[in-house]
Amino acid sequence: MNLDLKDKVVCVTGASGGIGLAIVRAFLHEGALVCATYHRNPDKIEQLKMQLEPSLRTHLHAYHLDLQDNHSHKTCISHICAEQQRIDVLVNCAGAALEKPFLLLTPEEITQQMTTNFSQQALFTQQVAKVMLAHRKGSIVNVSSLLAKRLGRGVAVYAAAKAAIDRFTQTLALEVGKKGIRVNSINPGLIATKMSKNIQANMPADLMNMSPISRPGTPEEIANAVLFLASDRAASYITGVCLSVDGGLSI
Ligand SMILES: NC(=O)c1ccc[n+]([C@@H]2O[C@H](COP(=O)([O-])OP(=O)(O)OC[C@H]3O[C@@H](n4cnc5c(N)ncnc54)[C@H](OP(=O)(O)O)[C@@H]3O)[C@@H](O)[C@H]2O)c1
């Protein structure tokens, strides 16, 4: 199926991470123009650029974004708009998971988990949604987590922030649907990236074995689901959905 993403301007936050890089690659292969944001690791996007064939290379643009810094939001969005004129798709993939017993978390860690994984993402989304509203068209895909729906130890605040992202997805979908913007989220299960290394090591083997597809997922499997939800052709009637992509772990 043609997803009709060719020449769409797609902003992917957290593009320098394991899942983000796969999402960037997938959109580039659909012919989209990708604005990839990084925080501390611009080299990851540079490395990807070097691996791409020249025709795709010109479709990839890197921008700095620190979600914790509101000034950085404004700079990032204004650079994208100045260079690409619009934003058709926003994929909120940036995130930071801290696995630590709740009673040992410092106040700074609690705040940081909540702001990076939820409230600052909401602020960034608000700025991008204003750009989309000017064109009365857009698609937003939030990368949430299985932990928003299923219990996990040592992730109380991270899980709460992801649950907030899911509710945000649903209520924002209601607010902006009539204005031509769809909002959905993806709930990945355990995906093989740097972020999940510790979680995989601490996960009981029988939990993974009990799941219908008894293996961790790949970043590409998340990227395919993001493409689907982002596409106005494939998912034109889908909004406010929190889609589990977890090999059945959430059953
Ligand atoms: N891996 C999993 O098993 C799994 C499961 C469920 C959900 N998720 C979610 O999937 C998303 C991507 O995860 P991943 O596994 O790809 O993690 P990752 O490899 O650690 O990547 C995290 C990304 O977020 C960016 N980031 C972190 N703090 C930021 C900040 N303050 N401002 C802007 N960007 C920031 C990082 O940028 P730099 O590297 O440039 O600093 C990086 O691009 C996250 O939202 C995560 O919660 C992952």
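Considering N70, T115, D69 in turn, N70 is the only one that fulfils the side-chain hydrogen bond (donor to acceptor under 3.5 Å, both in side chains) rule with Q120.
S231 places no side-chain N or O within 3.5 Å of a backbone atom of F228 that could act as its donor or acceptor partner. Under a 3.5 Å cut-off, the side chain of Q113 and the backbone N or O of L98 do form a donor-acceptor pair. In this structure, T239 contributes its side chain and V183 its backbone to a donor-acceptor pair below 3.5 Å. No side-chain donor-acceptor contact under 3.5 Å links Q84 to the backbone of L33. The backbone N or O of D43 sits nowhere less than 3.5 Å from a side-chain atom of N41 that would complete a donor-acceptor pair. Side-chain atoms of T193 never come within 3.5 Å of backbone atoms of G18 as a donor-acceptor pair (strictly under, hydrogens ignored). With hydrogens and angles ignored, the 3.5 Å screen pairs no side-chain donor or acceptor of S145 with any backbone N or O of N187. Under a 3.5 Å cut-off, the side chain of N184 and the backbone N or O of G240 do form a donor-acceptor pair. For the pair N92 (side chain) and V141 (backbone), a donor-acceptor distance under 3.5 Å is absent. Judged purely by atom type and a 3.5 angstrom limit, K8 has no side-chain atom pairing as donor or acceptor with the backbone of G31.
Taking 4.0 Å as the cut-off between side-chain N and carboxylate O, D88 and R86 count as a salt-bridged pair. A salt bridge links R182 to D232: at least one charged side-chain nitrogen sits closer than 4.0 Å to a carboxylate oxygen. Salt-bridge formation is detected for the pair K100/E109: a Lys NZ or Arg NE/NH1/NH2 atom is positioned less than 4.0 Å from an Asp or Glu carboxylate oxygen.
Between H39 and H64, the ring-plane angle classifies as tilted under the 30° and 60° cut-offs.
The minimum heavy-atom distance between S196 and L190, with the atom names listed, is CB-CD1, 3.8 Å. L229 and S185 make their closest contact through CD1-O, 3.9 Å (heavy atoms, listed as atom of the first residue, atom of the second, distance). Summarising the geometry of M50 relative to R57, their closest heavy-atom pair is O-NH2, 3.5 Å, with the distance given to 0.1 Å. Across I165 and S144, no two heavy atoms sit closer than the pair CG2-CB, 4.0 Å. Nearest heavy atom pair, residue E175 against residue K179, reads O-NZ, 3.8 Å. Taking all atoms of both residues into account, the shortest heavy-atom contact from A129 to I181 is O-CD1, 4.1 Å.
The 12-atom threshold is exceeded at CG of L104, counting heavy atoms of other residues, nucleotides or ligands nearer than 6.0 Å. Remark: H61 NE2 is packed, more than 12 non-hydrogen atoms of other residues, nucleotides or ligands lying under 6.0 Å away.
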Step-by-step side-chain hydrogen bond (donor to acceptor under 3.5 Å, both in side chains) determination, E99 to Y158 = CA-CA 8 Å; E99 204 190 4; Y158 173 76; over 6 Å; no
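F102 places none of its side-chain heavy atoms less than 4.5 Å from the side chain of V155. You'll find the side chain of V34 reaches within 4.5 Å of the side chain of V12, heavy atoms only. Contact of the C11 side chain with the V91 side chain is not registered, since no non-hydrogen atoms from C-beta on lie closer than 4.5 Å. For the pair P219 and L21, the minimum side-chain heavy-atom distance is 4.5 Å or more. Residues C242 and K149 meet the side-chain proximity criterion, which asks for heavy atoms closer than 4.5 Å. Contact of the Q112 side chain with the Q68 side chain is registered, since non-hydrogen atoms from C-beta on lie closer than 4.5 Å. The shortest side-chain heavy-atom distance between I140 and T125 falls under the 4.5 Å cut-off. Counting only heavy atoms from C-beta outward, the side chains of L48 and R25 approach each other to under 4.5 Å.
Note on L90: it does not cluster hydrophobically with V226, by side-chain heavy-atom contacts below 4.5 Å among ILVMFWY residues.
With hydrogens and angles left out, the side-chain atoms of N2 and E30 include no donor and acceptor closer than 3.5 Å.
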